[in-house]
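The structure under discussion appears below in the form of structure tokens.
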Amino acid sequence: MLKVFKNTEEQNIAAAEIFVASAKEAIDAKGSFNVALTGGSSPVKFHKLLAESPYREQVEWEKVAIYWGDERWVPLDDDKSNAKMAEETLLSHVPIPKDQIFFMWAPDVEPEDYAAEYEQLLRNNLGPEGSFDLIYLGMGDDGHTASLFPGEAVLGEKDKWVDAYFLAPQDMYRITLTAPLINKAKKIAFVLYGEKKIHALHEVLEGAYNPEKYPSQLIKPVNGELEFLVDEVAASGLSKK
Ligand SMILES: O=C(O)[C@H](O)[C@@H](O)[C@H](O)[C@H](O)COP(=O)(O)O
């Protein structure tokens with residue numbers, strides 16, 4: 001479902017409210033909440049909202065488990081790290097037990113090997129159905145999401161839940177949940193705003209189906225809910241709102 005907000009303040013409140021509502025639903029149902037965060041800059045504001053009143057008090061943080069949709073293969077103290085951004089904007093401000101934060105990077109291991117380790121962790125923690133309670137996603141200006149980039153072999157991955165590969169255009173390794181795993185989630189929330197997203201959002205939602213070029217089109221939950229939380233600027237290229 002597409003939700004268009006007249007400004008990013010309202011959009012980020014909605015993104016924070018999704019976290020609170022999904023956490024309550026999952027914890028009431030099974031005593032735990034498994035959420036995958038996105039990297040990039042778009043989640044910064046709603047992370048900070050979650051770390052403050054009134055949202056902070058509404059989450060049973062001790063029952064929350066944090067994962068990532070993707071990560072740049074850099075140390076946790078590197079400014080490019082999605083984990084570093086999440087630590088600074090949210091995780092260091094809320095009482096999540098440290099052993100319930102599952103970083104998608106580790107020292108002294110090859111990314112491909114760690115992808116297999118992370119997949120096993122997910123199979124242990126999420127169960128055979130592999131269903132996250134909530135996954136946040138951003139959308140690149142080119143229509144990528146997580147580390148599912150245009151033209152990359154990972155777009156065709158049907159079996160693995162986690163994959164890692166060298167992303168030549170960025171001269172770095174990436175590790176990412178695959179589309180089949182993301183699509184098992186109970187709820188998926190894209191969060192994007194601003195004029196740089198106008199073209200990609202139009203192509204992803206209204207263009208021809210071409211996931212090799214616009215990988216965000218691969219995101220179609222099997223049974224769960226898909227929401228696009230966007231501001232009016234990013235939505236300004238859409239014919240239907
Ligand atoms: O590791 C990453 O870069 C992200 O996970 C990536 O998929 C991001 O969500 C998009 O590139 C959008 O980034 P912005 O939010 O900065 O536009």
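As the structure lists them, so they are numbered: ligands from 1, and atoms in each ligand from 1. All of these numbers come straight from a predicted model, not from anything done at the bench.
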task = Kindly say whether the aromatic ring centers of Y114 and W73 come within a distance under 6.0 Å.
result = yes
request  = Using ring pair (Phe, Tyr, Trp, His ring centres under 6.0 Å) as the criterion, list what pairs up with Y67, not counting sequence neighbours.
outcome  = F102, F132
key: Heavy-atom check, side chain of Y136 versus side chain of F19, under 4.5 Å   = yes
inquiry  = Running the 4.5 Å side-chain criterion over Ile, Leu, Val, Met, Phe, Trp and Tyr, what cluster does V44 land in, apart from itself?
reply    = M85
Pairwise side-chain contact, K184 with E129, heavy-atom cut-off 4.5 Å (strictly under) = no
key: Residues in ring pair (Phe, Tyr, Trp, His ring centres under 6.0 Å) contact with Y214, at least two apart in sequence or another chain   = none
query = When you look for protein heavy atoms under 4.0 Å from ligand 1, which residues do they belong to?
reply = T38, G39, G40, S41, S42, D70, R72, N82, G138, M139, G140, H144, T145, A146, R174, K197
